[in-house]
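Some notes on the structure that comes next.
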Amino acid sequence: GGEPLLQRDFLLACLRILKKKGVHCAVETSLFLYDEEVFRSVDLILADFKIWDDALHRRYTGVSNLPIREHFLRLGGGTTPILARTPLIPEIEQGIEEISRFLQGIPAVREYSLLPYHPLGLEKARALGLSQQQFSIPSEDLMERTRRYAFLR
């Protein structure tokens with residue numbers, strides 16, 4: 001896990017090698033950071049949009065979602081397809097309908113998926129001596145009720 005754009009030089013070096021070999025390349029990012037050269041070098045962008053309300057986003061992630069919104073819009077008119085995702089967390093009012101409506105207006109967003117939250121990062125956080133809030137895994141009923149906001153173009 002982690003944000004690959006934080007390792008920009010290494011990422012670009014890997015992308016150059018892979019592209020020379022004809023390998024299809026994707027980047028999985030929070031879109032909090034923006035790097036034109038990286039985004040021009042990939043064939044697909046996978047990006048999470050976790051919470052619509054900026055104050056709640058700050059509370060749970062530690063950063064504003066305003067740069068994320070701006071970066072979706074900057075990339076949105078380009079030709080590189082974006083697959084957007086929201087990990088569904090039952091304890092948080094994430095604004096799924098608002099996120100979906102926002103993403104539907106962005107041409108490069110080819111798909112919006114809702115994923116069930118998973119606690120895989122808890123062990124990593126503990127190993128690093130960090131505390132991380134634990135959430136519950138969403139029920140199948142909740143997943144089914146929110147799937148109407150997902151889309152595929």
Side-chain angles (χ1 to χ4, degrees), residues 1-16 18-19 24-138 143 146 149-153:
E3 175 57 60
L5 295 178
L6 289 172
Q7 305 298 325
R8 178 189 191 274
D9 294 338
F10 177 75
L11 177 59
L12 283 170
C14 290
L15 288 169
R16 284 186 204 104
L18 293 168
K19 294 302 274 185
H24 183 274
C25 297
V27 65
E28 186 174 4
T29 176
S30 68
L31 273 188
F32 183 74
L33 301 174
Y34 188 91
D35 189 299
E36 189 70 38
E37 188 175 0
V38 168
F39 294 134
R40 275 196 323 264
S41 301
V42 298
D43 304 297
L44 177 67
I45 300 167
L46 296 106
D48 288 353
F49 197 134
K50 294 180 174 70
I51 303 170
W52 179 255
D53 180 83
D54 188 55
L56 277 179
H57 195 276
R58 287 173 191 264
R59 176 177 168 197
Y60 288 105
T61 69
V63 298
S64 171
N65 70 11
L66 298 180
I68 296 166
R69 292 183 200 194
E70 177 187 326
H71 298 156
F72 265 106
L73 292 170
R74 280 179 76 181
L75 290 167
T79 58
T80 305
I82 302 170
L83 304 184
R85 297 113 28 117
T86 297
L88 193 61
I89 303 171
E91 292 85 357
I92 301 174
E93 179 54 51
Q94 293 175 268
I96 302 297
E97 184 175 358
E98 292 85 353
I99 294 170
S100 179
R101 193 171 26 251
F102 172 76
L103 294 172
Q104 284 178 21
I106 301 174
V109 175
R110 305 291 168 79
E111 181 177 336
Y112 176 49
S113 302
L114 298 166
L115 309 172
Y117 164 79
H118 60 76
L120 297 176
L122 291 175
E123 286 302 316
K124 182 178 178 181
R126 278 189 211 115
L128 294 170
L130 304 172
S131 66
Q132 186 172 347
Q133 187 171 351
Q134 187 165 352
F135 300 102
S136 59
I137 296 170
M143 291 301 300
T146 56
Y149 298 111
F151 63 85
L152 178 64
R153 295 188 223 255

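Starting from 1, each residue takes its place in the sequence as its number.
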Decide yes or no for D54 and R58: does some side-chain heavy atom of the first lie under 4.5 Å from some side-chain heavy atom of the second? yes
Is the count of non-hydrogen atoms from other residues, nucleotides or ligands lying under 6.0 Å from H24 atom NE2 greater than 12? yes
Looking only at heavy atoms, what is the nearest atom pair of E111 and L152, with distance? OE1-CD1, 3.6 Å
Here the gap from R69 atom CZ to F102 atom CZ, rounded to the nearest 0.5 Å, amounts to 7.0 Å
Do any N or O atoms from the side chain of T86 and from the backbone of L114 form a donor-acceptor pair under 3.5 angstrom? no
Using a 4.5 Å cut-off on heavy atoms from C-beta on, say whether the side chain of F151 contacts that of Q104. yes
Residues that D53 engages under salt bridge (charged side-chain N to carboxylate O under 4.0 Å, His left out), provided they are two or more places apart: none
First locate atom CZ of F39, then atom OG1 of T80, and finally report the distance between them rounded to the nearest 0.5 Å. 9.5 Å
Donor-acceptor pair, side chain of Q94 and main chain of K50, under 3.5 angstrom: yes
Mind checking the CD1-CZ spacing from I99 to R101? Nearest 0.5 Å is all I need. 11.0 Å
Side chain H57, main chain V63, donor-acceptor under 3.5 Å: yes
Contact summary for V109 and R153, nearest pair of heavy atoms: O-NE, 2.6 Å
Where is the tightest heavy-atom contact between Q134 and Y117, given as atom of each residue plus distance? CA-OH, 4.5 Å
For the residue pair L44 and L83, what are the closest heavy atoms and their distance? CD1-CG, 3.7 Å
Donor-acceptor contact below 3.5 Å, side chain E91 vs main chain S136: yes
N65 side chain vs W52 backbone, donor-acceptor pair below 3.5 Å: yes
P67 and F32: which non-hydrogen atoms are nearest, and at how many Å? CG-CE1, 3.7 Å
Distance, nearest 0.5 Å, that separates NE2 of H71 from CD1 of I45: 11.5 Å
Straight-line distance of I51 CD1 to L56 CG, nearest 0.5 Å: 6.0 Å
Rounded to the nearest 0.5 Å, how far does CG of L31 lie from CG of L75? 6.0 Å
State which residues pass side-chain contact (heavy atoms from CB on, under 4.5 Å) with E36; sequence neighbours excluded, sorted by chain then number. Y34, R40, R74
Residues two or more places apart in sequence or in another chain: which of them pass salt bridge (charged side-chain N to carboxylate O under 4.0 Å, His left out) with R59? none
Shortest non-hydrogen contact between A150 and S113, atoms and distance: CB-CA, 4.4 Å
Reference residue M143; test side-chain contact (heavy atoms from CB on, under 4.5 Å); the match among L88, L115, I137: L88
So does C25 get a backbone contact from the side chain of D43, meaning a donor-acceptor N/O pair under 3.5 Å? yes
